[in-house]
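Below: the structure, in structure tokens.
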Amino acid sequence: MCTESPNTRTDAELMAAVGNGDMAAFGELIRRHQSTALASAYRLLARWDQAEDVVQEAFLRVHRAASSYKASAAFTTWLYRIIVNLCQDSFRKRRSVAEPQDELANGRSHEPAQTVEESERTEAVRQAIAALPERQRIAVVLHRYDGLSHEQIAEVTGWTRSAVESCLVRAYAQLRESLSGLRDF
Amino acid sequence: MSCPSQTELVRLVAGELTGEAQRDLQAHVAHCPSCEPYVRQLSTTWELLGRWEVDTTGHDVADRIMASARLEGEPRRTIRWTAPWRWPVPVRAAASILLAAGIGWGTARMSSADQRPGVAPRDLAEQVMPDLVAGDIKLDHLSGGAPVGLAITFLTGELESFEEETQG
């Protein structure tokens, strides 16, 4: 029986423990990855309520599948994959329901304290990202904010590497255009 | 050096290139009238994007997740199918009895359903199902004609032989 405290164990070790019903290990996994997961989901969805729901469901799926989890891929890759899939489900629901585009206003809260200029710049970036087509938005968020390589993005999304690269090139070009009005350009 | 792809320039700006690859590309970009403005603008975009920090304070969902997980119970275990001849003996015995009972019941029903005036059940079977009748003779040989014996043979003896053969 493992006597290590949960926070010294690797993600794979924690997952093995979760598979054996160790709720403390599951809590540690949440503690480690919740913030990153929330930030990614929020950047993709631009809504905190939906981001929270996605992250909750993602971790519940992790819990349900823990007993069959194999550490052939990194835990974070697997978690990102679940989050991206859930976000894509949300995108589809939005399209089918024709949600009003007020989610940008809904998402303006909880930015770190900033000057007015910084706040305007941040808002411009947020809107530029939200305006990207969904695949480009996913690629940019995973690349720029989550630090994933092209190969890792391909693994998370299931796209080919060339599709990822093409998406990123187009996305950064679009963002350059969108943000060209800011003072820095 | 010919101009690199835009993908390579994205990788350069993202800091994904190291060592000689990075140096070579930087050297090219510094003197290329096409690549230099592209990298400069991409770098500015990259830096600007990085200013969007997301504060997740106030969005802690850990308690909700833990509560839901506890309600759902322990993680599901994958049930793997095991061949009958690998089951523990008591399980095989119980399965044999159930199988025999099922076969006996089915046979009894077929016998009563096939009863026609003036036609013996076996004669009728030969007319309708000659192959099965031939098979029936073989099965009788194996089991002594009793459904229980057949079931036990099926789940134990015959397949133990098969297992030995397949395992070399």
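If you're wondering where the values come from, they're calculated on a predicted model, not measured in any experiment. Each chain gets a letter, A, B and so on, in the order its sequence line appears, and its residues count up from 1.
Under the side chain to side chain contact (heavy atoms under 4.5 Å, CB included) rule, B/Ser68 has a single partner from A/Glu57, A/His63, A/Gln56, which is A/Gln56.
Only the side chain of A/Gln34 comes within less than 4.5 Å of a heavy atom of chain B; its backbone N, CA, C and O stay farther away. Of the two parts of A/Arg31, neither the backbone nor the side chain holds a non-hydrogen atom closer than 4.5 Å to a non-hydrogen atom of chain B. Only the side chain of A/Arg161 comes within contact range of chain B, judged by heavy atoms closer than 4.5 Å. Residue contact with chain A, scored on non-hydrogen atoms closer than 4.5 Å, involves the side chain of B/Glu16 exclusively.
The ring of A/His143 has its center closer than 6.0 angstrom to the ring center of B/Trp46.
Cation-pi geometry between A/Arg137 and A/Phe91 is met: under 6.0 angstrom from the ring centre, within 45 degrees of the axis.
Ring geometry, A/Tyr69 versus A/Phe75: the interplanar angle exceeds 60°, so the pair is classed perpendicular (tilted spans 30 to 60°).
Using a 4.5 Å heavy-atom threshold, the side chains of A/Trp78 and A/Val62 count as touching.
Counting heavy-atom pairs under 4.5 Å between each of A/Leu168, A/Val55, A/Ile129 and chain B puts A/Ile129 at the top.
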